[in-house]
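Okay, structure first, notes after.
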Amino acid sequence: IEEAALSNGLTLDVAINNFLIEKKKDLRPDTFRAYSSIAKIFLEWLQQNNLSNKYCFLFNKQFAYKFLNSLSQNPKICNRTYNNYLRFLKTLFTSFEKKEIVKENVFVDFESKKQDEKIRVTIPAEDRLKIKDYFLTNMPNYYLIMLLCFRLFIRPKEILMLKVKYINYKEGLLTIPSIVSKNHNERILALPEELFVLLKKYENTNPEYYIFSDYKTMEPGKKLLNSKRIGYFFSKMRLALDMPSNYQFYSLKDTGITEMLEMGVPAKFVKELADHHSLEMTEKYTHKS
């Protein structure tokens, strides 16, 4: 009875759904989608093990281990994905602990798995020209998306969250607000001439529109697209031009950073432009140079 009172009578399924409702207003749309996806998988596992309608305090470290072990046994889940699940669950149960829904965070002592180093591939100039010609012919707006990644190191999710109002046509600047930035750091970027000219066509567009919104053409609009759409078009191009499979959209960012360092730009400046957590992260590209 005391334990039930401690949990405020909340079952795991109710508590998890309440957590998502509370977080929705605070998280970026893509982060909330990730949270929801992980929560869905966790809830399915709880249902399969007859735990979803149990009081929260009944979920102990043994159950936590069993769930994490089920992830480890799944060949489709890599170490990076496993760590994403673990981070979410630690956040979830920290919230439960603060609300006194549980006595302790049963996931807090589990350690992350070692992740393989990201393979960073740069795209040679001759191949970039072929890619440029392909998109200028088939989808000009996508070429602009690529430039934002290659020249200003803006991440795919951040690109799709950009609105027309973030462009300062008078000063030639582009603002990445903290609500858009992955690391919640506002960035004000000077637009290279080619980018500025291409963005000029949106000067009279509704300022509240996303710059890239249309599902097929990437024209401005009200809808926020999923960043997977960027990867879809890049994969389609790669097949059409018979490009190597290790060329990914984020290879444009890796290429831009590497070339900037090769030109002698100080790593500290590149770090700020790329919005890296640490100088060490930026200096990994110097080894490739």
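Keep in mind that this is a model prediction, so the values were computed, not measured. Each residue takes its place number in the sequence, starting with 1.
- Of all non-hydrogen atoms in K216 and F233, the two that sit nearest each other are O-CZ, 3.8 Å.
- A donor-acceptor distance shorter than 3.5 angstrom exists from the side chain of Y142 to the backbone of I230, with no hydrogens or angles considered.
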Q. Yes or no on side chain to side chain contact (heavy atoms under 4.5 Å, CB included) for I257 and V270, after CA distance, side-chain angles and deciding distance?
A. CA-CA 7 Å; I257 291 174; V270 179; 3.8 Å; yes
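- Hydrophobic clustering (side-chain heavy atoms under 4.5 Å, transitive across Ile, Leu, Val, Met, Phe, Trp, Tyr) groups I179 together with Y209.
- Proximity of F57 to E100: side-chain heavy atoms (C-beta onward) are nowhere separated by under 4.5 Å.
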Q.
Before you tell me yes or no, could you show the steps for N84 and R87 under side chain to side chain donor-acceptor pair (under 3.5 Å), namely the whole-Å CA-CA distance, both residues' side-chain angles and the distance that decides it to 0.1 Å?
A. CA-CA 5 Å; N84 289 338; R87 277 194 297 271; 2.2 Å; yes
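- Judged purely by atom type and a 3.5 angstrom limit, K90 uses its side chain to pair as donor or acceptor with the backbone of F110.
- Just one of R187, K163, K182 meets the salt bridge (charged side-chain N to carboxylate O under 4.0 Å, His left out) condition when paired with E158; it is R187.
- Ring pair F42/W45 is parallel by interplanar angle, where below 30° counts as parallel and above 60° as perpendicular.
- To the nearest 0.5 Å, atom CG of residue L148 and atom CG of residue L144 are 5.0 Å apart.
- Checking N105 against T94 by side-chain atom types alone, a donor-acceptor pair falls below 3.5 Å.
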Q. Yes or no on side chain to side chain contact (heavy atoms under 4.5 Å, CB included) for L10 and K99, after CA distance, side-chain angles and deciding distance?
A. CA-CA 11 Å; L10 286 180; K99 293 180 178 180; over 6 Å; no
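- Proximity of N18 to F96: side-chain heavy atoms (C-beta onward) are nowhere separated by under 4.5 Å.
- The distance from the CZ atom of R155 to the OH atom of Y250 is 14.5 Å, given to the nearest 0.5 Å.
- In summary, the aromatic rings of F59 and F93 are positioned with their centroids under 6.0 Å apart.
- Panel note: side chain S235, backbone G231; a donor-acceptor pair is recorded below 3.5 Å.
- Of all the heavy atoms in L160 and S227, the pair that sits closest is CD1-CA, 3.5 Å.
- Minimum heavy-atom separation, F32 to K23: CD1-C, 4.5 Å.
- More than 12 heavy-atom neighbours from other residues, nucleotides or ligands sit within 6.0 angstrom of CD on E126.
- Side-chain N or O atoms of N183 include none that pairs as donor or acceptor with a backbone N or O of N185 at under 3.5 Å.
- With S251 contributing its side chain and Y247 its backbone, the two residues share no donor-acceptor pair below 3.5 Å.
- Within the model, atoms CG of D26 and OG1 of T31 stand 11.5 Å from one another, a figure rounded to the nearest 0.5 Å.
- Closest heavy-atom contact between V121 and D254: O-CB, 3.9 Å.
- Inter-residue side-chain proximity for I188 and N168 is flagged as unmet; no heavy-atom pair is nearer than 4.5 Å.
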Q: Could you go through the side chain to side chain contact (heavy atoms under 4.5 Å, CB included) check for M139 and M237 one step at a time?
A: CA-CA 11 Å; M139 188 185 290; M237 171 280 301; over 6 Å; no
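- Other residues, nucleotides and ligands contribute over 12 non-hydrogen atoms within 6.0 Å of the NZ atom of K165.
- With a 4.5 Å cut-off on side-chain heavy atoms, I123 and L252 count as touching.
- Between the side chain of Y85 and the backbone N or O of L71 there is no donor-acceptor pair closer than 3.5 Å.
- By the rule that hydrophobic residues join a cluster once side-chain heavy atoms approach within less than 4.5 Å of another member, I21 and L89 end up as members of separate clusters.
- For the pair Y215 and R229, the minimum side-chain heavy-atom distance is below 4.5 Å.
- Considering all non-hydrogen atoms of both residues, Y143 and E194 come closest at OH-OE2, 2.7 Å.
- Remark: the backbone N or O of Y134 is paired with a side-chain donor or acceptor of N138 at under 3.5 angstrom.
- Both Y232 and F135 sit in one connected hydrophobic cluster of ILVMFWY residues. Membership requires side-chain heavy atoms under 4.5 Å apart, directly or through other members.
- Side-chain contact between L273 and V265 is absent, with no heavy-atom pair separated by less than 4.5 Å.
- Annotation for E203: atom CD counts as buried by contact number, over 12 foreign heavy atoms lying within 6.0 Å.
- With E259 as the partner, the salt bridge (charged side-chain N to carboxylate O under 4.0 Å, His left out) test is satisfied by one option alone out of R151, K253, R128: R128.
- Side chains of K54 and N49: no donor on one and acceptor on the other come within 3.5 Å.
- In this structure, F63 is not a member of the same hydrophobic cluster as V108, with clusters built from ILVMFWY side-chain heavy atoms closer than 4.5 Å.
- Side-chain atoms of K200 and Y169, non-hydrogen and from C-beta on, do get closer than 4.5 Å to each other.
- A 6.0 Å sphere centred on NZ of K24 holds no more than 12 heavy atoms belonging to other residues, nucleotides or ligands.
- Formation of a donor-acceptor pair under 3.5 Å by the S72 side chain with backbone atoms of L68 is found in this model.
- Using a distance-only test at 3.5 Å, with no hydrogens or angles considered, no donor-acceptor pair links the side chain of S181 to the main chain of I176.
- The two residues L174 and I167 make their nearest non-hydrogen contact at CD1-CG1, 3.9 Å.
- Within the 4.5 Å cutoff, side-chain heavy atoms of P192 are placed close to those of L152.
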Q: Would you check, one step at a time, whether the test side chain to side chain contact (heavy atoms under 4.5 Å, CB included) holds for T91 with F19?
A: CA-CA 10 Å; T91 301; F19 172 81; 4.1 Å; yes
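- Counting only distance, with no hydrogens or angles, the side chain of D13 and the backbone of N53 share no donor-acceptor pair below 3.5 Å.
- Atom OH of Y65 has 12 or fewer neighbouring heavy atoms from other residues, nucleotides or ligands inside a 6.0 Å radius.
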